[in-house]
Amino acid sequence: MKCKKSWKVKEKSRSAPRVHSGGKRPLRTLFLLITALLPLAVGVAWPTLPARATPEPTLLETTVFLGEAVPLHLGGERLEDILAGHLEEEDQMECWWVSPQGPASLDKLGKERPTRETDYSLTAVFHQEDGPDVLMNFIYRVRVEPGTIRIVAASGETSPQASALFKLEGRGLTLYRCAQPIQQPAGNITLEVEFTGLPFGAYQVTAEDPGLYPRERECLVGVCKENDTVSTRRGTAEAAFTIEQDPGGAVWESYQLGAAP
């Protein structure tokens with residue numbers, strides 16, 4: 001939604017509130033008085049109440065890889081500029097993130113690293129030279145996509161009863177998964193398993209069974225080897241192994257799957 005400087009809001013009459021014949025002010029007047037004094041009582045400096053506010057928040061959306069911070073740019077444009085719309089002077093606007101602890105700067109929002117889809121409440125106040133302030137509310141919806149590493153160990157002689165243990169290390173994680181036999185349409189058997197729910201980064205996959213080759217594989221999830229960019233389009237990586245002899249089916253029983261032994 002775009003906010004234009006041409007918005008006009010008719011000011012309400014400032015006539016004194018009526019008083020009942022019994023000498024008591026209406027309950028509405030008392031409520032407004034308490035509302036006005038509450039920020040002073042708690043020591044919060046709120047901006048001047050605007051004369052007009054948008055009835056429904058404007059929705060902004062983006063998607064990040066698990067582990068990324070909340071982006072302060074959308075489509076190459078600063079989030080603050082998007083909130084400002086077509087205002088010509090940035091000093092006519094104030095904006096903040098309504099965090100659980102109270103109003104916070106957008107820079108602080110940019111340090112948040114959500115682990116699941118999260119809605120962040122944003123507020124912007126537009127100071128118009130030719131009219132009252134206008135308050136606009138936004139919902140900044142940040143979707144989060146985790147990564148996956150798929151392991152495939154192939155051999156034409158693998159028996160359906162075989163299994164193999166793999167270890168994943170990276171981003172402060174050490175995980176174990178047991179690959180199980182999968183019957184392929186061609187008739188051969190592969191051992192397959194997936195590590196899911198991973199943040200972006202570089203990982204090392206180690207075959208704990210000596211019957212697999214190579215012993216280790218490096219996998220990049222979400223990141224590019226040539227630069228530091230992160231993209232959800234690189235959300236899945238694959239580590240391929242060759243089975244040189246039937247893995248020891250009981251080797252994984254001494255490990256707790258999903259955690260370090």
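Heavy-atom basis, side chains included; hydrogens, waters and symmetry copies ignored.
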>> Could you go through K167 and L175, starting from their C-alpha distance and side-chain angles, then the distance that decides it, and tell me whether this counts as side chain to side chain contact (heavy atoms under 4.5 Å, CB included)?
In response: CA-CA 6 Å; K167 178 173 68 174; L175 304 173; over 6 Å; no

> Would you call W96 and E94 a side-chain contact if the rule is heavy atoms closer than 4.5 Å?
Replying inline: yes

>> I need the Q204 CD to T174 OG1 distance, nearest 0.5 Å.
In response: 10.5 Å

> Restricting to pairs with a member in residues 215-237, which pass ring pair (Phe, Tyr, Trp, His ring centres under 6.0 Å), not counting sequence neighbours?
Replying inline: none

> Rounded to the nearest 0.5 Å, what separation is found between the CD atom of E117 and the CG atom of D119?
Replying inline: 6.5 Å

> With sequence neighbours excluded, what pairs up with F195 under the ring-ring contact (aromatic ring centres under 6.0 Å, His included) test?
Replying inline: none

> Is F65 close to V144 at the side-chain level, that is, under 4.5 Å between some pair of heavy atoms?
Replying inline: no

>> Apply side chain to side chain contact (heavy atoms under 4.5 Å, CB included) to residues D133 and L135 and explain how you reach the verdict.
In response: CA-CA 7 Å; D133 292 349; L135 177 69; over 6 Å; no

> In Å and rounded to the nearest 0.5 Å, what is the OG to NZ distance from S99 to K108?
Replying inline: 5.5 Å

> How far apart are the C-alpha atoms of L122 and N137, what are their side-chain angles, what is the distance that settles it, and do they pass the side chain to side chain contact (heavy atoms under 4.5 Å, CB included) test?
Replying inline: CA-CA 6 Å; L122 308 180; N137 296 316; over 6 Å; no

> Do you know the tightest heavy-atom contact between V221 and G235?
Replying inline: CG1-O, 3.9 Å

> Run the side chain to side chain contact (heavy atoms under 4.5 Å, CB included) check on L220 and K225 step by step: do they pass?
Replying inline: CA-CA 8 Å; L220 301 179; K225 192 171 184 178; 3.6 Å; yes

> Under a 4.5 Å cut-off applied to non-hydrogen side-chain atoms, are L83 and T58 in contact?
Replying inline: no

>> Any non-hydrogen side-chain atom of Q183 less than 4.5 Å from a side-chain atom of I189?
In response: yes

> Does the T229 side chain pair with the main chain of N227, one donor and one acceptor, at a distance under 3.5 Å?
Replying inline: no

>> Side chains of L198 and I149, heavy atoms from C-beta outward: is any pair under 4.5 Å?
In response: yes

> Which ILVMFWY residues are connected to I139, directly or by a chain of links, through side-chain heavy atoms under 4.5 Å apart?
Replying inline: L59

> Got a sec, which residues hit salt bridge (charged side-chain N to carboxylate O under 4.0 Å, His left out) with E145, two or more places apart in sequence or on another chain?
Replying inline: none

> Hey, what do you get for CD (E208) to CZ (R177), rounding to the nearest 0.5 Å?
Replying inline: 13.5 Å

> Taking all atoms of both residues into account, what is the closest heavy-atom pair of C219 and V205, and its distance?
Replying inline: SG-CG2, 4.2 Å

> Between R171 and F200, is NZ or CZ placed under 6.0 angstrom from the six-membered ring centre and within 45° of the ring axis?
Replying inline: yes

>> Among residues at least two apart in sequence or on other chains, which ones pass ring-ring contact (aromatic ring centres under 6.0 Å, His included) with F241?
In response: F166

>> Rounded to the nearest 0.5 Å, what separates atom CE in M93 from atom CE in M136?
In response: 11.0 Å

> Charged N to carboxylate O under 4.0 angstrom, E68 versus R113?
Replying inline: no

>> If you compare all heavy atoms of P71 against all heavy atoms of T62, which two are closest, and at what distance to 0.1 Å?
In response: CG-CG2, 3.8 Å

>> Holding to salt bridge (charged side-chain N to carboxylate O under 4.0 Å, His left out), I want the full list of residues that pass it with E218, two or more places apart in sequence or in another chain.
In response: none

> Can you find a heavy atom in the side chain of V64 that is under 4.5 Å from one in the side chain of V70?
Replying inline: no

> Below 4.5 Å, heavy atoms only, C-beta onward: do V152 and L191 meet side chain to side chain?
Replying inline: no

> Within a strict 4.5 Å, meaning less than it, do heavy atoms of the T123 and F138 side chains meet?
Replying inline: no

> After noting the C-alpha distance and the side-chain angles of D107 and S105, does the key distance pass the side-chain hydrogen bond (donor to acceptor under 3.5 Å, both in side chains) rule?
Replying inline: CA-CA 5 Å; D107 288 340; S105 67; 5.0 Å; no

> Taking all non-hydrogen atoms of both residues, which atom of P199 and which atom of L173 are closest, and how far apart?
Replying inline: CD-CD1, 4.1 Å

> Roughly how far apart are R143 CZ and T232 OG1, rounded to 0.5 Å?
Replying inline: 12.0 Å

> Only one of L60, V98, L109, L106 forms a side-chain contact (heavy atoms from CB on, under 4.5 Å) with Y120, so which one is it?
Replying inline: L109

>> Quick one: does any side-chain atom of R217 pair with a main-chain N or O of A240 as donor and acceptor, under 3.5 Å?
In response: yes

> Do you know the tightest heavy-atom contact between L212 and A164?
Replying inline: CD1-CB, 3.9 Å

>> Assess the residue pair E192 and T190 against the criterion (side-chain hydrogen bond (donor to acceptor under 3.5 Å, both in side chains)); give the C-alpha distance rounded to whole Å, side-chain angles, the decisive distance to 0.1 Å, and a yes or no.
In response: CA-CA 6 Å; E192 300 182 13; T190 59; 2.8 Å; yes

